[in-house]
Each structure stands twice: as structure tokens, then as C-alpha cells.
Amino acid sequence: MKIDRLEIRTLLEDLLPLVDFDADFLFSELSSLDVTTILMALSDKYGIRLEATDATPRNLRSLDSIAAMVERKLGEAC
């Protein structure tokens with residue numbers, strides 16, 4: 001399943017309006033509360049299980065890497 005990057009962006013910008021989602025390295029822009037908010041919001045929206053171990057710089061580097069993480073989790077759930 002291909003995840004719409006714009007849909008994720010809209011969801012996260014509504015929840016975290018002060019975060020620069022265009023940053024070169026998004027993970028460096030995030031506080032621990034921001035990371036928790038992202039994981040919870042994506043879990044709820046897509047019905048996937050995201051845990052603290054998913055909160056890596058690789059998974060949260062950009063909106064593209066976040067979308068890829070969601071796609072992987074959806075694939076694992078099938």
C-alpha cells in the first residue's frame with residue numbers, strides 16, 4: 001500500500017505546528033514529546049503498532065522516511 005506523503009504532512013502539521021517538516025534532517029527538529037505524538041498519531045490513523053524502537057533517526061529523517069515506515073508496518077500487519 002502506497003502512503004500519501006501529503007496526508008501524513010497534513011496530519012502532523014495540525015498536531016505539531018511549530019515543527020519544520022521541510023528540515024534537512026527532521027529528526028533533529030523533534031523533541032521526545034513530538035516523537036511520541038507522531039508515533040501515536042500514525043498508529044491511530046493507520047491502525048498499526050508503532051513502538052519506541054521505531055523512533056529512530058532513520059525512520060524520522062523526513063516525511064518520506066516516515067511514509068516508508070508506515071508502509072513497512074502496514075506490510076507486516078498483512
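Sequence positions, counted from 1, serve as the residue numbers for this chain.
We find the CD1-NZ distance between I3 and K45 to be 9.0 Å, quoted to the nearest 0.5 Å. How far CG of L11 is from CG of L42: 6.0 Å, rounded to the nearest 0.5 Å. Taking CZ of F27 as the reference point, atom OG of S62 lies at 13.0 Å (rounded to 0.5 Å). Note that CG of L50 is 3.5 Å distant from OG of S43, once rounded to the nearest 0.5 Å. Rounded to the nearest 0.5 angstrom, T37 OG1 and L16 CG are separated by 5.5 Å.
Cluster membership check: L60 shares its hydrophobic cluster with F21, using side-chain heavy-atom separations under 4.5 Å among Ile, Leu, Val, Met, Phe, Trp and Tyr. Following chains of ILVMFWY side-chain contacts shorter than 4.5 Å, one cannot reach I48 starting from M40, and the two form parts of different hydrophobic clusters.
Legend: residues meeting side-chain hydrogen bond (donor to acceptor under 3.5 Å, both in side chains) with R9, ordered by chain and number and at least two apart, are E13, D22. Not counting sequence neighbours, the partners of R49 by the salt bridge (Lys or Arg N to Asp or Glu O under 4.0 Å) test are E51. E29 is linked by a salt bridge (Lys or Arg N to Asp or Glu O under 4.0 Å) to nothing, counting only residues two or more places apart in sequence or in another chain.
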Task: Test log, rule side chain to side chain contact (heavy atoms under 4.5 Å, CB included), inputs R61 and I66 - done: CA-CA 7 Å; R61 177 182 54 237; I66 292 171; over 6 Å; no

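More than 12 heavy atoms of other residues, nucleotides or ligands shown are found within 6.0 angstrom of CG on D14.
You'll find the side chain of T56 stays beyond 4.5 Å of the side chain of M69, heavy atoms only. Looking at N59 and S65, their side chains never come closer than 4.5 Å, going by heavy atoms from C-beta outward. Residues L74 and V70 form a side-chain contact, since some pair of their non-hydrogen atoms from C-beta on lies under 4.5 Å apart.
With no hydrogens or angles considered, no side-chain donor-acceptor pair links Y46 and E71 at under 3.5 Å.
Results of the side chain to side chain contact (heavy atoms under 4.5 Å, CB included) test with L12 over I38, L26, V19 single out I38 as the only residue that passes.
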